[in-house]
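This report concerns only the one structure given below.
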Amino acid sequence: MPSWENNVRKVVPYTPGEQPKIRDIIKLNTNENPYPPSPKVKAALDCTESDLLRKYPDPAVSLLVDAIAKQYKVAPEQVFVGVGSDDVLAMSFLTFFASGRPILFPDITYSFYDVWADLYRIPYETKALNDSFEIVNRDYYAENGGIIFPNPNAPTGVLKPLAEVEDIVRRNRDVVVIVDEAYIDFEDGEDGEIPADSALNLIGRYENLLVVQTFSKSRALAGMRIGFAVGSEKLIRYLNDVKYSFNSYTMNQTAIAAGVAAVEDHAYFAECLGRIKATRSRTEEALRELGFSFNRSQSNFLFVTHEKVPARELFAALREANIIVRYFDKPRIDNYLRITIGTDEEMDTLISFLRDYLKK
Ligand SMILES: *Cc1c(COP(=O)(O)O)cnc(C)c1O
């Protein structure tokens with residue numbers, strides 16, 4: 001190896017779900033929303049004629065920060081915005097996990113966590129989910145340099161009750177605990193209201209708690225790249241210090257405008273969530289009849305295994321039929337498929353394909 005290569009920061013990158021180029025596929029592999037974003041977003045995007053694009057955007061992203069703060073009834077000083085929650089999470093790893101002690105996260109979880117830890121040379125330990133794919137609280141009582149987990153967890157869809165989340169935050173007050181709530185809006189309950197088990201309900205009580213959410217799933221804006229964090233003013237100040245040391249203008253003007261319009265259209269948000277939850281119930285029922293089993297999902301996907309047919313085989317057969325779902329060739333979960341909840345029509349096509357396939 002030439003000597004300069006010894007000096008390169010070498011990383012094994014995250015592998016995102018496929019974004020296939022072929023048309024006429026049913027795409028149920030990356031948990032996108034099957035519905036378009038609020039029609040108000042389209043109107044807000046018409047900023048090409050205006051002065052907006054000639055100038056740098058507001059580095060503080062005040063319009064969007066204020067809209068989010070108002071929606072979640074917190075102070076603007078408690079909100080941080082980034083280019084998708086991946087950006088917010090990467091920035092949070094860099095900011096909060098600097099102790100040199102190992103951070104903790106589940107063995108089966110969002111597969112970006114170990115990538116960021118490796119990128120920033122943060123030591124980490126994973127804690128095994130139990131056989132029901134639940135995060136075991138006592139595993140997180142050990143000495144650590146910080147904690148992160150998604151709630152609901154990905155790719156399992158399993159939701160941790162708020163009391164258990166609070167227990168982890170309370171017992172780890174000397175480190176930052178990050179709850180990645182990419183899917184929390186899909187929890188059962190009143191559509192569009194703060195879900196009962198969201199750690200947003202704990203904000204104001206724990207200075208060490210950071211809640212991260214995204215516009216990519218529940219607000220149908222994966223293509224726009226908007227994520228945010230809510231926490232104590234102190235945490236948010238530290239995050240901003242790191243962000244401004246990196247790139248002041250991470251959020252582009254169109255994303256800011258789209259984000260504000262999406263947050264403000266609360267009725268549309270609630271309506272789409274209601275539809276997706278209804279489709280989830282129907283799909284669960286149909287899959288159960290076909291011999292699939294799964295945990296109760298509180299997200300916009302199902303994590304399923306079949307009593308007879310291996311997941312790997314089903315994944316290939318579905319693909320052949322232009323229905324793309326996600327398969328993880330990893331220990332413990334290599335007999336499961338993660339299926340995004342699409343429209344009713346898409347799920348009907350999926351179910352009828354499976355019904356025929358499983359009859360053979
Ligand atoms: C989708 C997802 C994210 C990232 O979403 P962005 O599109 O970057 O906002 C983060 N965490 C989990 C668990 C996810 O599933």
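Note that the structure is a prediction, hence the values are computed from the model and not measured. Numbers for residues simply follow the sequence, beginning at 1. Note that ligands are numbered from 1 as they come in the structure, with each ligand's atoms numbered from 1 the same way.
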Notebook entry, point to check: Yes or no on salt bridge (Lys or Arg N to Asp or Glu O under 4.0 Å) for D188 and R280, after CA distance, side-chain angles and deciding distance?
Noted result: CA-CA 11 Å; D188 285 331; R280 177 175 71 200; 2.9 Å; yes
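- The closest non-hydrogen atom to atom 15 (O) of ligand 1, taken over Y183, F301, Y110, F149, comes from Y183.
- In summary, the side chains of K27 and T30 do present a donor paired with an acceptor at a separation below 3.5 Å, with no hydrogens or angles considered.
- R338 forms a cation-pi arrangement with F301, by the criterion of a distance under 6.0 Å to the ring centre and an angle within 45° of the ring axis.
- Remark: ligand 1 atoms within the under-4.0 Å shell around heavy atoms of A182 are 2 (C), 11 (N), 12 (C), 14 (C).
- For ligand 1, the atoms sitting less than 4.0 Å from at least one non-hydrogen atom of R225 are 6 (P), 7 (O), 8 (O), numbered in the order shown with element in parentheses.
- Any N or O atom pair closer than 3.5 Å counts here, and T214 shares at least one such pair with ligand 1.
- In this structure, the protein non-hydrogen atom closest to atom 2 (C) of ligand 1 is K217 NZ, 2.4 Å.
- Comparing heavy-atom distances from atom 12 (C) of ligand 1 across T30, N300, D180 singles out D180 as nearest.
- No donor-acceptor contact under 3.5 angstrom links the side chains of D107 and T126, judged on distance only.
- Closest to atom 5 (O) of ligand 1 among all protein heavy atoms lies S85 OG, 3.2 Å.
- Ring centroids of F80 and F228 are separated by 6.0 Å or more, keeping the two rings apart.
- Near G84, meaning under 4.0 Å from any of its heavy atoms, are these atoms of ligand 1: 8 (O), 9 (O).
- Between F294 and F133, a ring centre-to-centre spacing not shorter than 6.0 Å is recorded.
- Close contacts of ligand 1 with S216, meaning ligand atoms under 4.0 Å from a residue heavy atom, involve 6 (P), 7 (O), 9 (O).
- Considering backbone and side-chain atoms alike, Y113 places every N or O at 3.5 Å or more from each N or O of ligand 1.
- Remark: side-chain polar atoms of T340 are not paired, donor with acceptor, to backbone N or O of G342 under 3.5 angstrom.
- A ring-ring contact (aromatic ring centres under 6.0 Å, His included) with W116 holds for exactly one of Y14, F93, F96; it is F93.
- Put simply, no part of F112 is less than 4.0 Å from ligand 1, judged by heavy atoms.
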